[in-house]
Amino acid sequence: MTSSFQSPRAARPPGFIYRDTKHGLLRRDGPPVLHCENVPIPKLVKKYGTPLYLYSAGMIHERYAVFDRAFRDIDHTICYSVKANSNLGILRLLARKGCGFDVVSGGELQRVLAADKKAAKRVVFSGVGKTREELTAALKSEIMLFNVESESELWALAECAGRLHTTAPVALRVNPDVAAETHPYISTGLHKHKFGVPIRDARELYHKLSSARYLKVRGVSVHIGSQITDAAPFGQAMSRVADLVGELREDGHSIAYVDAGGGLGISYEKPASNFSEEVTAYARALTGPLRDLGVRLLLEPGRSIVGPAGVLVTSVVYKKANNGKRFLVVDAAMNDLIRPALYGAHHEIVPILQRTDAGIKPETVDIVGPICETGDFFARDRQMSGVEEGDLLAILDAGAYGMALASNYNTRPRAAELLVAGTSAKVIRRREKISDLLRDEL
Ligand code: LLP
């Protein structure tokens with residue numbers, strides 16, 4: 001697959017495009033059908049049911065490669081942010097490319113090790129509340145870097161490392177006090193946020209930490225938030241970090257790594273964007289201030305790698321109208337994809353069969369799930385054409401923070417996940433059963 005491929009009936013090329021199909025369930029003269037790579041989605045639904053998460057392996061590869069290429073002029077390691085989509089199938093696919101990982105819990109670390117034991121040396125451990133058990137597990141795995149977020153955590157890490165007679169490689173996560181335009185729940189780089197240590201206190205803390213026997217200063221880290229589509233705040237944060245690196249070196253610390261965190265946003269509204277140009281602008285913003293510092297740049301992208309590479313497929317269960325307000329009630333719900341409910345996030349929703357018959361009038365509908373909350377919606381006042389009960393819809397850009405945030409609310413088993421490569425579709429997570437949910441209850 002190449003990024004130059006564009007279809008006139010594209011949904012999220014190259015992974016998700018409409019094609020005419022002549023086989024399977026579909027009539028030769030039927031409407032164009034949304035495919036995941038080379039597989040018609042209705043064929044997968046027939047076998048695996050809905051709600052169903054589908055990921056395009058080719059698109060994940062390609063986005064990873066584009067990201068990697070954008071930073072080719074600087075020594076760097078991409079540490080994919082596991083929280084965005086932590087399925088082992090996806091971690092394995094990235095590990096095979098030599099990708100590193102950003103983890104925020106002992107559980108995520110275990111996932112990475114299960115995907116590829118040797119990836120530990122490319123793991124950074126972030127998070128504001130790492131427990132001693134988690135720190136110890138990460139020390140034993142000999143990960144690359146601990147992004148420490150407070151003085152108390154520093155001493156906890158020193159204590160754990162001391163017990164193991166080892167030395168912990170440390171970066172302090174600094175809070176650069178840079179505002180970035182995004183949803184307030186996922187903005188992290190202001191002094192009022194719980195993350196990191198204020199950049200003005202960092203120098204003193206590095207001084208303290210350098211005298212700790214079981215800690216070793218290795219770098220500086222920063223992460224200003226998520227779903228940020230403007231490169232400027234990344235550049236601002238990096239300039240502040242670069243200044244700090246200069247000061248720390250004056251103080252005699254050896255700074256080998258700068259971890260820029262993640263946060264590059266994707267366009268949820270537009271049918272297709274030029275990812276390569278966006279990442280290039282992002283790379284320019286980050287690398288400009290770091291030029292001549294001779295550090296290895298660590299990057300923690302999550303959403304920008306997997307977001308557009310996944311869709312959530314759902315069936316329309318009912319159509320209804322209340323006093324003229326129209327609804328499509330679908331079989332996926334906020335427990336499967338919480339982003340619209342939690343952040344008011346927009347996701348494009350497209351029919352799997354693209355009916356183009358003349359005479360079909362668009363309707364304005366709310367697309368809602370069956371959960372007993374008004375917040376259980378995927379779209380409000382959305383124009384949809386010719387959607388009937390039993391039809392399939394794809395909720396686009398659901399590859400990041402979709403399944404990863406899924407829950408069992410309303411005792412709803414979680415969806416199955418498939419990884420599609422060309423004509424092959426592999427189950428990377430079986431559909432949960434009600435019995436799985438009841439099993440651990442006494
Ligand atoms: N590094 C750190 C330290 C982070 O906290 C995050 C995301 C990332 C990297 C990856 O950021 P990304 O490249 O994916 O933007 N559930 C929200 C997003 C939460 C992001 C949390 N931290 C959503 O659905 O929009």
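What you are looking at is a predicted structure, and each value in this text was computed from that prediction instead of being measured. Read the numbers this way: they start at 1 and go in the same order the structure lists the ligands and their atoms. Along the sequence shown, residues carry numbers from 1.
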Inset, instruction - Write down the atom of Phe16, the atom of Leu54, and the distance for their closest heavy-atom approach. - result: CZ-O, 3.7 Å

Legend entry - Per-atom contacts, ligand 1 versus Arg173 - under 4.0 Å to a heavy atom: 3 (C)

Inset, instruction - State whether the shortest distance between N or O atoms of Arg339 and N or O atoms of ligand 1 falls below 3.5 angstrom. - result: yes

Legend entry - Residue part near ligand 1, for Asp102, under 4.0 Å between non-hydrogen atoms: side chain

Legend entry - Nitrogen or oxygen atoms of Ser304 and ligand 1 under 3.5 Å apart: no

Legend entry - Gly262: numbered ligand 1 atoms lying under 4.0 Å from its heavy atoms: 1 (N), 9 (C), 13 (O)

Legend entry - Aromatic ring proximity, centroids under 6.0 angstrom, Tyr268 and His347: yes

Inset, instruction - Ignoring angles and geometry beyond distance, decide whether Arg303 reaches within less than 3.5 Å of ligand 1 through its nitrogen or oxygen atoms. - result: yes

Inset, instruction - Please name the pair of heavy atoms, one in Lys83 and one in Glu108, separated by the smallest distance, quoted to 0.1 Å. - result: CA-OE2, 3.2 Å

Inset, instruction - Could you tell me whether Pro301 and ligand 1 have an N or O pair separated by under 3.5 Å? - result: no

Inset, instruction - Return a yes/no value for Ser81: is any of its N or O atoms, backbone included, closer than 3.5 angstrom to an N or O of ligand 1? - result: no

Inset, instruction - Please report the shortest heavy-atom distance between Tyr257 and Met144, naming the atom on each side. - result: OH-CG, 3.7 Å

Inset, instruction - Examine the side chains of Glu37 and Ser56 and answer whether a donor and an acceptor come within less than 3.5 Å of each other. - result: yes

Legend entry - Set of residues satisfying side chain to side chain donor-acceptor pair (under 3.5 Å) with respect to Glu159, sequence neighbours excluded: Arg132, Arg163

Legend entry - Atom indices of ligand 1, in the order listed, that fall short of 4.0 Å to a heavy atom of Glu300: 1 (N), 2 (C), 3 (C), 8 (C), 9 (C), 10 (C), 13 (O)

Legend entry - Test item, Gly263 contacting ligand 1 (heavy atom, 4.0 angstrom): yes

Legend entry - Proximity of His223 to ligand 1 by residue part, where a heavy atom lies under 4.0 Å: side chain

Inset, instruction - Can you sort out which atoms of ligand 1 are near Gly302, meaning under 4.0 Å from one of its heavy atoms? - result: 12 (P), 13 (O), 14 (O)

Please list every donor-acceptor pair under 3.5 Å in which a side-chain atom of residues 110-119 meets a protein atom from a residue at least two apart or in another chain.
| residue | atom | partner | partner atom | Å |
| --- | --- | --- | --- | --- |
| Arg111 | NH1 | Ser86 | O | 3.0 |
| Asp116 | OD1 | Lys118 | N | 3.0 |

Legend entry - Positive for side-chain contact (heavy atoms from CB on, under 4.5 Å) with Glu300, one of Leu264, Thr77, Asp259: Asp259

